[in-house]
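Keep in mind that the numbers below use all heavy atoms, side chains included, and drop hydrogens, waters and symmetry copies. Order of the sequence lines sets the chain letters (A, B, ...), proteins ahead of strands, with each chain counted from 1.
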Protein chains: 2
Amino acid sequence: MQNASNGTRAGTRPDDQHGSSRTGRAVSREVLADHVYAELLASLMDGRLAPGAVVSIDGTARELDVSPTPVREALARLEHTGMVRRVALKGYRVAPVFTREDFAELMEARLAIEPVNARLACERTNQHGLAELEQAVEDLKSAPRGPSFAEFKDYLEADERFHQLIARQTGNQFMEAAYSALGGQVQRFRLFGGVGITDAEYAIAEHQAVLDAVSTGDPDKAAAAMADHIRKVRSRAIADAPES
Amino acid sequence: MQNASNGTRAGTRPDDQHGSSRTGRAVSREVLADHVYAELLASLMDGRLAPGAVVSIDGTARELDVSPTPVREALARLEHTGMVRRVALKGYRVAPVFTREDFAELMEARLAIEPVNARLACERTNQHGLAELEQAVEDLKSAPRGPSFAEFKDYLEADERFHQLIARQTGNQFMEAAYSALGGQVQRFRLFGGVGITDAEYAIAEHQAVLDAVSTGDPDKAAAAMADHIRKVRSRAIADAPES
DNA sequence: GAACGTGGCATCCTATAGGATCTGAACATG
DNA sequence: CATGTTCAGATCCTATAGGATGCCACGTTC
């Protein structure tokens, strides 16, 4: 995300599960709230926190062995992403499940934003950016796609990374912010109905088409390829999703 | 300010009145963090907090007469809007001033999103939504436009409200979220260079054109009118802005 | 048997204390 | 004079304590 100044990786994992060293934290350049944020985000993305589940501040604090204060700060940030909702004096809970209407709205929004991103990225990307995109597509191709979540987790990560990179390479911080406002939801929708990865071959080809257009330097083609990809994702998801 | 009008329906507690005025808020369905958030947001919008200024957690807490904990939570929320930035172990500061590049990027993003919003709003708005839009345009026409900030504050508020309403009436929560990701920045840019309101007549006419198109139910025309408005705002701002 | 009041428990919310870190200025030294 | 060091104040960060609130089960009454 916008954490640009983190030039040096911390290297040392500050603590883990039962570190229990209250004051033994190393010289980490991060604060506990960042860790809690990352941990909660991972739990949300992984589906370990089901939609609608309550996220207790004290409980999360106990589980991560920190005080409630950093948990509160992390949840305040997450609330603004729409992934958790807060009710005053009642606490936080994970946003409810996606309905078909939510899904249609999300696809409509992606269709409005992402083709523009593809066009701008095509006009402004550089050698390094292209390499990153190619890497993402390669990871998409090589990622395992088993039935359980742990087995297609990397696939989802590469998928999300591709779109995130497109947004970033627009060189427009606001387009990137607008996509990020959707990004978390895009991830969440991928668990829509719990269907696994059934369309990898098609999706990979569509990502490749976007990448080819960007590499060629054809903005119109890049935008069209992205729009085509999103429309097809929508069609396939509607075909696959349970009626519910 | 948090001492405001506490008197309603707290009288049935004969005891614990010996405590000092510290514990005066009880009936509010809001929590302190919400108050702090609103207060900070107002300060940012009003320009009382200049770009680049540090926002001390302890200092803000003292100023608002609350503890640092709610201030920390409010700032964590604000950080995600891009209006303040945080550096670990150094604190928060207001986002830096808009450069010409930032302004160009913001306008590019608005051109990508807002015409789509206008089109969707045109297709889906109802009688009540139209009335709200008309009210916003009326307020825009009647708002004072003096040279000092306090005198054109209402004008800016009506302007922002118009665009916000358009976003909301798309009926698409994600388009609204995407615009909101820009909304705060849109407000901030209006203080770009500190020039006052010099283009009110033109801007009002353009808003009226958008409203007319939406009222008529012509989506293409609505989108075109919105795009035209944003392009003209960009042109006028570039003409007016100091060279920085 | 059902509606209503009541008490306990979990959780949220805020305040406060203290350790950790940064910043800036005074001071010493080459 | 320039540069590095030290120290003190301010600030951030986290933990803990206690009041306030909501939820839920239990018992009472009609």
Side-chain angles (χ1 to χ4, degrees), chain A residues 5 8 10 12 14-15 19-40 52-79 84-94, chain B residues 1-3 6 9-10 12-13 15-40 52-79 84-94:
Chain A
S5 65
T8 65
T12 64
D15 58 66
S20 75
S21 62
R22 291 299 166 76
T23 62
R25 211 163 27 260
V27 289
S28 69
R29 186 54 65 175
E30 282 180 345
V31 291
L32 278 183
D34 296 332
H35 271 272
V36 176
Y37 183 87
E39 200 67 32
L40 285 174
V54 298
V55 184
S56 162
I57 294 175
D58 291 346
T60 304
R62 281 193 300 270
E63 188 174 343
L64 298 180
D65 193 28
V66 296
S67 80
T69 307
V71 176
R72 180 174 294 278
E73 186 172 333
L75 282 170
R77 292 187 221 168
L78 272 175
E79 184 198 0
V84 300
R85 296 177 193 281
R86 182 182 73 98
V87 178
L89 303 178
K90 283 187 58 179
Y92 292 86
R93 52 177 58 229
V94 183
Chain B
M1 57 199 68
Q2 69 277 17
N3 288 333
N6 180 14
R9 75 151 270 191
T12 62
R13 291 296 181 198
D15 57 14
D16 70 15
Q17 195 56 271
H18 66 289
S20 65
S21 62
R22 213 50 83 72
T23 64
R25 58 212 169 280
V27 293
S28 71
R29 186 55 58 175
E30 284 181 344
V31 291
L32 252 54
D34 296 332
H35 271 275
V36 176
Y37 182 87
E39 201 67 31
L40 285 174
V54 298
V55 183
S56 162
I57 294 175
D58 290 346
T60 305
R62 282 192 300 269
E63 188 174 343
L64 298 179
D65 193 28
V66 297
S67 80
T69 307
V71 175
R72 180 174 293 276
E73 184 172 335
L75 282 171
R77 291 187 222 169
L78 273 174
E79 183 199 1
V84 301
R85 297 177 192 279
R86 181 181 74 98
V87 178
L89 302 178
K90 283 188 59 178
Y92 292 86
R93 52 178 56 229
V94 183

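- The phosphate of C/dT11 has OP1 or OP2 within less than 4.0 Å of a side-chain N or O from A/R62.
- In this structure, of C/dC13, D/dC13, D/dC23, it is C/dC13 that holds the atom nearest to the side chain of A/L89.
- The phosphate of C/dC13 has OP1 or OP2 within less than 4.0 Å of a side-chain N or O from A/R72.
- Side-chain proximity of B/P70 to the nucleotides D/dT16, D/dC13, C/dT14 is greatest for C/dT14.
- Across every non-hydrogen atom of B/S67 and B/P70, the tightest pair is O-CD, 3.0 Å.
- Looking at B/R77 and A/R86, their side chains come closer than 4.5 Å, going by heavy atoms from C-beta outward.
- When the P atom of D/dC13 is taken as reference, atom CG of B/L75 falls 10 Å away, rounded to whole Å.
- When rounded to the nearest whole Å, the span between CD of B/E73 and C1' of C/dC12 equals 10 Å.
- Taking atom CZ of residue A/R93 and atom P of nucleotide C/dA10, one finds them 18 Å apart after rounding to whole Å.
- Across all strands shown, B/T69 has heavy atoms under 4.0 Å from base atoms, whether or not it also approaches the sugar-phosphate.
- Of the side-chain N and O atoms in B/K90, one or more sit less than 4.0 angstrom from OP1 or OP2 of C/dT23.
- Of the possible polar contacts, one joining the B/R93 side chain to the B/G52 backbone as a donor-acceptor pair under 3.5 Å is found.
- For A/S56, whose side chain is taken as the heavy atoms from C-beta onward, the closest listed nucleotide among C/dC22, D/dT14, C/dC12 is C/dC12.
- Of the candidate nucleotides C/dT14, D/dT14, D/dC12, C/dT14 has the atom nearest to the side chain of B/L32.
- Nearest heavy-atom pair, A/L40 versus A/V55, reported as atom, atom and distance to 0.1 Å: CD2-CG1, 4.3 Å.
- Going from atom CZ of B/R86 over to atom C1' of D/dT11 covers 14 Å, rounded to whole Å.
- The distance between atom CD1 of A/I57 and atom C1' of C/dA10, rounded to the nearest whole Å, is 13 Å.
- From A/R85, atom CZ reaches atom CG of A/L75 across 14.5 Å, with rounding to the nearest 0.5 Å.
- The side chain of B/S67 contributes no N or O atom lying less than 4.0 Å from OP1 or OP2 of C/dT14.
- Computed from coordinates, the B/D58 CG to D/dT14 P distance equals 14 Å when rounded to whole Å.
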